[in-house]
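Let me begin by presenting the structure, written as structure tokens, before commenting on it.
In what follows, chains are A, B, ... by sequence order, proteins preceding strands, each numbered from 1.
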Number of protein chains: 2
Amino acid sequence: MSTPGRGLHGRVLDTLGPAITAGEYPPGSILRTDELAQHFEVSRSVMREAVRVLESMHLVESRRRVGVTVRPKCEWNVYDPQVIRWRLAGADRPHQLRSLTVLRSAIEPAAAGLAARLATPEQCAELTECALGMVAHSRGHRLAEYLYHDVAFHRVILTASGNEMFARLGDVVAEVLTGRTEHEVMFEDPDPAAVTLHVRVAEAVRARDAARAEELTRQITVGALQELDILAP
Amino acid sequence: MSTPGRGLHGRVLDTLGPAITAGEYPPGSILRTDELAQHFEVSRSVMREAVRVLESMHLVESRRRVGVTVRPKCEWNVYDPQVIRWRLAGADRPHQLRSLTVLRSAIEPAAAGLAARLATPEQCAELTECALGMVAHSRGHRLAEYLYHDVAFHRVILTASGNEMFARLGDVVAEVLTGRTEHEVMFEDPDPAAVTLHVRVAEAVRARDAARAEELTRQITVGALQELDILAP
DNA sequence: GGAAACAAAAAGTCAGACTTATACATCACA
DNA sequence: TGTGATGTATAAGTCTGACTTTTTGTTTCC
């Protein structure tokens, strides 16, 4: 995913980022650039670039005469896709998956409502196509194909909302849906009710029925919450 | 806000970041590290650190033999607080304010619903205090004091939701509310109806009435949307 | 006309010397 | 004894210059 080896500093981040987000260095821990550079066997300049990136994610703070201190979790840029990936890849995965699902349940219904008003004919067609693809692969353990269409469906909804902030959550939703299929629940065929809901959302959007699109999408996200035993609204 | 002069590379970012987010360099534009370093009169190492930060925000992409290319807006990390600040400070301000307000209108009702279930007694008290503070300063052009309590109110709601993703939007909401008071609408005393809604939300949360807290908060955000002439859901 | 070899360009990496801010300890003085 | 000024060690910050590596675009040759 994304860019694995984009330079030495990236290689360092691939190790250090997950370590910090996993809580291996408790908040307030102090790292020293020189030591880190030695440990990772890179030059100080490379190490400094890595630290700058971590700093821009608010994972650490660099101060003269002190060192590089790890910031408390509540200050992290938790919307940074990279941070999200690191957390999903580590011990924090279940917790991260839950908070993202709650986020989804707030965003997606609103996005669907907007999409019903703003979607272009092309987007409507794409949506229908995705929903039909889900139907087509909803039986017989075609999980990979089903997932593909599911992700595409939610991406179209978020994009068609016309809101850039919503649209940028497409990757996050994709990550959640993929994670759900790969690791957590969903070993059997998907819930037929969920499939039907997607089809009906596509219909509602095409019919420009914002209220219905929103309500149906809410039902989808409520299902996602229930899968994780999160109290439904 | 935040940290103005955290090193030379930060000074460079203060100029280059806003320039890019303002669209001064159209997507696909190619910058060269050496030229930038010369232009900003800093060493290549400092310039490289700045570029690394921009790269981690997905504002640019650095490739060998090519240079530093500006990415299209749709790929930016639009949730990065720094990016949001840069955009709010530039020509993109009205558009950014709108998309953030739409985001608020999706998040805050959900957060209020969760807060009604999960808020601690201390948070309930804090909420009431904020609401009363708003009432106290809702007349006689006490806009600064009103704003202070308004921001605090929404921060408490987002924090009390128990969701880290919601909580981290506190700064964003603060930025939007402040922006509204300082530049856009709101030259006169705040709308009495809005003030009352805040008081009632505090009551609903204290009464553990999630549905009511959510609905009342939705009314608040609908008001915010209408102020910006955004079609209400 | 297409494939393979080549050259140039720009980012990437490294090492070392120097500067600067600052936490902490020390000391003088009230 | 407590408080403020002074000093010092430390780790980040900065700069420079040389070198490496990747990649693009060209050139050459079959």
Nearest-neighbour nucleotide for the [X] side chain, [options] considered:
X	options	answer
B:Val68	C:dA11, D:dA12, C:dA15	C:dA11
A:Thr33	C:dG12, D:dA12, D:dT24	D:dA12
B:Arg63	C:dA11, D:dT24, D:dT14	D:dT24

d([atom1], [X]; [atom2], [N]) in whole Å:
X	N	atom1	atom2	result
B:Arg32	C:dA9	CZ	C1'	10 Å
B:Arg65	C:dG12	CZ	C1'	15 Å
A:Arg11	C:dT13	CZ	P	8 Å
A:Asp34	D:dA12	CG	C1'	8 Å
A:Arg6	C:dA10	CZ	P	24 Å
B:Glu49	C:dC14	CD	C1'	15 Å
B:Arg48	D:dG13	CZ	P	16 Å
B:Gln38	C:dA10	CD	C1'	14 Å

Contact class for [X] (heavy atom, under 4.0 Å): base, sugar-phosphate, or nothing?
X	value
A:Leu31	sugar-phosphate
B:Ser62	sugar-phosphate
B:Arg44	base

**OP:** Spell out yes or no: do the side chain of A:Arg64 and the base of C:dT22 have one donor N/O and one acceptor N/O closer than 3.5 Å?
**Re:** no

**OP:** Could you tell me whether A:Phe40 atom CZ has more than 12 heavy atoms of other residues or ligands within 6.0 Å of it?
**Re:** yes

**OP:** Would you kindly say whether B:Asp150 and B:His198 are connected by a side-chain donor-acceptor distance under 3.5 Å?
**Re:** yes

Original post:
If you measure only the distance, is there a donor-acceptor pair under 3.5 Å linking the side chains of A:Ser99 and B:Glu164?
Top reply: yes

Subject >> Passing candidate, side-chain contact (heavy atoms from CB on, under 4.5 Å) with B:Ile20, options B:Val60, B:Thr15, B:Val83 >> reply: B:Val60

Subject >> Backbone of A:Met165 reached by a side-chain donor or acceptor of B:Tyr79 within 3.5 Å >> reply: yes

Subject >> Residue whose nearest DNA chain C nucleotide is more 5′ - A:Val66 or A:Leu8 >> reply: A:Leu8

